[in-house]
> 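Here it is, the structure in full.
What's counted below: heavy atoms across the whole structure, side chains too, no hydrogens, waters or symmetry copies.
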Amino acid sequence: MAVPRSPAPLKTGPLQMAHVVDVVRETPSSVTVVFATATPLPYRPGQYVLVEFRFGSGRYRRAYSLCSIPADDMAAFTVRLVPGGKVSQHITTSLAIGDRFLVSAARGDFLLPDSRAGRRFVLVAGGSGISPVMSLLRTLLAMPEPPPVSLLYYNRNADDIIFRARLEELAAAHPGLDLQLVVTGSREGWHGLHEPFAVTRVLAAARGDPQALYYICGPESLIDTAVEGLLAAGVDPALVNAERFAAPPVHERPSRGQPVTFVHRGLLLAKRTRVRGEAGESLLDMGERAGLRMRSNCRNGTCGACRATLVKGEVVMDEPNSLSLADARAGRILTCISYADSPVVVDLRR
Ligand code: FES
């Protein structure tokens with residue numbers, strides 16, 4: 001796993017200034033940021049950079065995997081809007097050509113082996129996890145004799161498929177590329193594969209090759225399911241590579257506790273329970289401390305079990321998280337990764 005998941009703030013190391021050369025709209029909620037640096041930015045396909053954006057009165061650091069390949073004129077990363085995410089909101093709605101930000105040296109070990117001849121590759125991506133996987137895929141296909149490669153790319157809706165046209169072009173140009181675009185949510189506008197993520201499809205893509213190499217990047221739940229399923233099926237762990245998204249930016253959580261009112265079911269009518277929050281305490285922890293029956297499961301923003309509705313006030317939510325844009329528009333939050341930034345009213349009823 002290449003990207004650190006420690007709760008410590010993201011440490012960037014030496015940074016250099018970068019400027020935005022292009023912002024390419026990939027889907028309604030995602031963009032690719034093409035950028036240039038004063039001194040070259042060496043990297044290997046599959047690596048990521050730490051970036052620091054300054055806007056409003058804040059400084060925000062994030063880790064983004066590069067979707068470009070070293071042979072490209074410029075480096076690039078792709079960002080999808082995360083509900084409640086300040087940085088992804090800024091990048092997908094406000095970032096413009098010429099804007100500046102800081103960027104670290106490339107890092108990470110989600111890398112292809114040096115010796116690739118005769119190997120079969122199974123790439124699995126979910127959502128914006130396609131970013132480093134695109135870099136790996138293009139690298140493999142650029143080899144003089146590209147190896148057999150499958151790409152299984154999962155998205156909730158057809159509209160969410162990043163790089164769809166480019167992927168279909170690559171598949172048309174490379175008969176050895178087995179491209180499987182899978183939609184897991186709405187069927188609207190989609191006539192292709194439609195099913196939940198299942199490791200059986202990943203295993204089938206290896207076509208019985210016990211030495212196939214697997215590369216997986218996407219939401220934590222997809223990675224966990226894929227890795228556990230592959231290992232349970234007897235795949236050698238040395239053949240399985242997974243890249244998790246960046247650690248939550250805990251340093252941006254509010255530094256002061258706030259009063260929170262929970263609305264929950266009473267015997268007949270809704271009840272309200274007021275709790276004084278402590279600094280760094282999630283709404284889920286607060287509710288549990290007050291003795292409320294709070295729904296939860298993963299406690300890290302992945303499963304959606306703790307969804308509630310923000311009725312009033314402001315919360316800061318860690319990103320990435322599993323909320324859909326429709327959830328966000330409806331005022332849904334995940335209590336396990338939400339922190340009150342003002343007096344807040346939260347409805348726990350569904
Ligand atoms: S408990 Fe799983 S998202 Fe909150």
Side-chain angles (χ1 to χ4, degrees), residues 23-34 48 62 64-68 76-95 123-138 150-171 177-198 201-202 215-226 242-246 301-304 307 317-330 332-334:
V23 182
V24 182
R25 173 72 43 196
E26 303 288 358
T27 71
S29 60
S30 63
V31 298
T32 292
V33 178
V34 184
Y48 67 96
R62 294 290 184 274
Y64 289 122
S65 293
L66 297 168
C67 59
S68 50
F77 55 83
T78 301
V79 179
R80 178 138 90 178
L81 176 61
V82 176
K86 277 186 185 163
V87 178
S88 62
Q89 164 98 22
H90 172 74
I91 292 175
T92 56
T93 61
S94 308
L95 197 69
L123 313 180
V124 182
S128 56
I130 191 67
S131 196
V133 170
M134 186 65 167
S135 184
L136 300 182
L137 176 67
R138 289 183 56 211
S150 294
L151 169 58
L152 282 54
Y153 181 25
Y154 287 82
N155 280 281
R156 197 171 295 199
N157 303 305
D159 277 357
D160 296 332
I161 303 173
I162 297 170
F163 305 136
R164 180 173 171 183
R166 283 183 84 188
L167 290 171
E168 288 172 342
E169 280 167 24
L170 287 171
L177 169 58
D178 161 35
L179 174 64
Q180 302 184 35
L181 301 176
V182 188
V183 163
T184 59
S186 164
R187 285 181 187 273
E188 207 179 313
W190 183 245
H191 303 289
L193 295 168
H194 181 269
E195 62 186 28
F197 178 78
R201 181 171 288 283
V202 182
Y215 288 82
I216 306 157
C217 184
E220 190 145 358
S221 54
L222 180 145
I223 293 178
D224 288 345
T225 308
E243 176 78 316
R244 294 175 191 271
F245 292 144
T302 306
C303 73
R307 250 179 328 158
M317 234 186 319
D318 288 343
E319 57 182 296
N321 59 57
S322 62
L323 281 181
S324 67
L325 290 179
D327 282 334
R329 282 193 202 107
R332 304 272 191 272
I333 57 170
L334 298 171

> If we check side chain to side chain contact (heavy atoms under 4.5 Å, CB included) with Arg62, which of these qualifies: Ile91, Val87, Val79?
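The single option meeting the side chain to side chain contact (heavy atoms under 4.5 Å, CB included) with Arg62 is Val87.
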
> To the closest 0.5 Å, what do you measure between CH2 (Trp190) and CG (Asn157)?
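Going from the CH2 atom of Trp190 to the CG atom of Asn157 covers 11.0 Å.
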
> What pair of heavy atoms forms the shortest contact from Ser65 to Pro132, and how long is it?
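Closest approach of Ser65 to Pro132, heavy atoms only: CB-CD, 3.5 Å.
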
> Output the distance between atom CG (Leu81) and atom OG (Ser128), rounded to the nearest 0.5 Å.
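It comes to 10.5 Å.
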
> Please assess Val202 against Ile216 for the test side chain to side chain contact (heavy atoms under 4.5 Å, CB included), listing each intermediate value before the final yes or no.
CA-CA 10 Å; Val202 182; Ile216 306 157; 5.8 Å; no

> Check whether Tyr153 reaches the backbone of Gly127 with its side chain - one donor and one acceptor, N or O, closer than 3.5 Å.
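Answer holds: yes.
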
> Mind checking whether Phe77 and Tyr64 have parallel, tilted or perpendicular rings, split at 30° and 60°?
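The arrangement is parallel - the two ring planes meet at less than 30°.
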
> To the nearest 0.5 Å, tell me how far Phe197 CZ sits from Ile223 CD1.
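It comes to 9.5 Å.
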
> Output, in order, the C-alpha distance, side-chain angles, deciding distance and verdict of side chain to side chain contact (heavy atoms under 4.5 Å, CB included) for Asn155 and Ile130.
CA-CA 10 Å; Asn155 280 281; Ile130 191 67; over 6 Å; no

> So, Ser135 side chain and Ser68 main chain: donor-acceptor pair closer than 3.5 Å or not?
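The answer is yes, because a donor-acceptor pair under 3.5 Å joins these two groups.
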
> Please answer whether the main-chain N or O of Glu169 pairs with a side-chain N or O of Arg166 as donor and acceptor at a distance below 3.5 Å.
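Side chain of Arg166 to backbone of Glu169, a donor-acceptor pair under 3.5 Å: no, none is there.
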
> Give me the atom names and distance for the closest heavy-atom approach of Arg25 to Pro28.
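Residues Arg25 and Pro28, closest heavy atoms: NH1-O, 3.1 Å.
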
> Taking the side chain from His194 and the backbone from Val182, do they hold a donor-acceptor pair closer than 3.5 Å?
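Answer holds: no.
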
> Taking all heavy atoms of Thr184 and all of Arg156, pick out the closest pair and write down the distance.
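That would be OG1-CA, 3.5 Å.
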
> Distance from Met317 atom CE to Arg332 atom CZ, nearest 0.5 Å?
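Here the interatomic distance stands at 12.0 Å.
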
> Please round to the nearest 0.5 Å and tell me the distance separating atom CD1 of Ile162 and atom CZ of Arg164.
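With rounding to 0.5 Å, CD1 (Ile162) is 13.0 Å from CZ (Arg164).
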
> Minimum heavy-atom separation for Asp178 and Ser150, please, with both atom names.
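Asp178 and Ser150 have their closest heavy atoms at OD2-OG, 2.8 Å.
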
> Does the pair Val31 and Leu95 meet the rule for a side chain to side chain contact (heavy atoms under 4.5 Å, CB included), with working shown?
CA-CA 10 Å; Val31 298; Leu95 197 69; over 6 Å; no

> Counting N and O atoms only, with roles assigned by atom type, does the side chain of Arg80 sit under 3.5 Å from a partner on the main chain of Ser88, one being a donor and the other an acceptor?
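No, Arg80 side chain to Ser88 backbone: no donor-acceptor pair under 3.5 Å.
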
> Are Thr27 and Ser30 linked by a side-chain donor-acceptor pair shorter than 3.5 Å?
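Yes, Ser30 and Thr27 have a side-chain donor paired with an acceptor closer than 3.5 Å.
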
> For Leu181 and Leu193, work out which heavy atoms get closest and say how close.
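Closest approach of Leu181 to Leu193, heavy atoms only: O-CB, 3.5 Å.
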
> Considering non-hydrogen atoms only, spot the tightest contact between Ala158 and Val183 and give its length.
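Smallest heavy-atom distance, with atoms named: N-CG2, 3.9 Å.
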
> State whether the side chain of Thr78 and the backbone N or O of Ser131 hold a donor-acceptor pair below 3.5 Å, judged by distance alone.
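Judged by distance alone, no pair lies under 3.5 Å.
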
> Distance from Ile161 atom CD1 to Glu26 atom CD, nearest 0.5 Å?
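Rounded to the nearest 0.5 Å, the CD1-CD separation comes out at 12.5 Å.
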
